[in-house]
Amino acid sequence: MHWADIAAIVGIIGGVATAVGFVFKTAIKGSLYPVSSRMDSLIDSLDRLNKTFDKQEIRIDTIDSRLDDHDRMLAHHDEKLTNLSKEVFKHNA
């Protein structure tokens with residue numbers, strides 16, 4: 001073999017390697033795009049879910065605060081009823 005033949009073979013191998021690399025790279029991009037798109041969609045869904053949970057947490061805190069207020073009012077009313085009962089028993093005794 002002459003140097004010219006070797007150079008021609010190396011050139012052909014280089015061209016084939018470049019073509020195979022291009023085809024492989026294009027195939028990978030094409031197959032990963034749907035996965036990437038689904039991942040973006042999943043991330044968006046998780047962000048919306050997180051915002052929903054944050055809103056629910058605020059609502060739960062508000063309800064919990066109202067329940068605490070209600071419990072204090074009930075305790076106050078229970079105290080009033082107890083005092084009134086004591087007065088009624090004193091009067092009737």
Side-chain angles (χ1 to χ4, degrees):
M1 266 195 187
H2 293 342
W3 288 107
D5 294 335
I6 293 173
I9 291 172
V10 169
I12 291 171
I13 291 173
V16 169
T18 301
V20 168
F22 176 77
V23 168
F24 183 73
K25 184 177 175 183
T26 303
I28 291 293
K29 272 187 183 177
S31 65
L32 289 182
Y33 178 75
V35 173
S36 175
S37 176
R38 288 180 186 159
M39 290 292 289
D40 290 342
S41 177
L42 178 62
I43 289 169
D44 291 342
S45 295
L46 289 173
D47 285 343
R48 284 193 308 275
L49 184 62
N50 190 30
K51 289 176 185 175
T52 300
F53 280 141
D54 289 344
K55 289 177 185 176
Q56 291 297 329
E57 186 175 5
I58 291 169
R59 288 178 183 155
I60 288 170
D61 289 344
T62 301
I63 291 169
D64 194 38
S65 175
R66 288 179 182 169
L67 285 173
D68 288 343
D69 292 343
H70 187 70
D71 286 344
R72 283 190 291 276
M73 287 175 20
L74 285 175
H76 180 70
H77 289 151
D78 284 347
E79 184 181 335
K80 280 185 171 181
L81 285 173
T82 302
N83 291 337
L84 285 172
S85 295
K86 287 179 184 177
E87 286 182 31
V88 167
F89 286 129
K90 282 182 187 178
H91 244 72
N92 291 335

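Worth knowing before you read on, the calculation uses all heavy atoms, side chains too, and leaves out hydrogens, waters and symmetry mates.
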Distance, nearest 0.5 Å, that separates CD of E79 from OG1 of T82: 7.5 Å
Would you give the length of the straight line joining atom CE of M39 to atom CG of L46, rounded to the nearest 0.5 angstrom? 9.5 Å
Hydrophobic clusters here meaning ILVMFWY residues chained together by side-chain heavy-atom distances under 4.5 Å, can you tell me if F22 and I13 are in one? no
Separation between CG of L42 and CZ of R38, rounded to the nearest 0.5 Å: 11.5 Å
If I take atom NZ from residue K51 and atom CG from residue D54, how far apart are they, to the nearest 0.5 angstrom? 9.5 Å
Does Q56 reach the side chain of R59, with side-chain heavy atoms less than 4.5 Å apart? yes
L74 CG to L81 CG distance, which is reported to the nearest 0.5 Å: 10.5 Å
Kindly indicate, with the supporting measurements, whether the criterion side chain to side chain contact (heavy atoms under 4.5 Å, CB included) is fulfilled by T62 and R66. CA-CA 6 Å; T62 301; R66 288 179 182 169; 4.0 Å; yes
Pair M73-H76, side chain to side chain contact (heavy atoms under 4.5 Å, CB included): steps then yes or no: CA-CA 5 Å; M73 287 175 20; H76 180 70; 5.6 Å; no
Could you check whether any side-chain N or O of S65 sits under 3.5 Å from a backbone N or O of D61, counting only pairs where one atom can act as donor and the other as acceptor? no
Donor-acceptor under 3.5 Å (S41 side chain, S37 main chain): no
Using 0.5 Å steps for rounding, measure from the CD1 atom of I58 to the CZ atom of F53. 14.0 Å
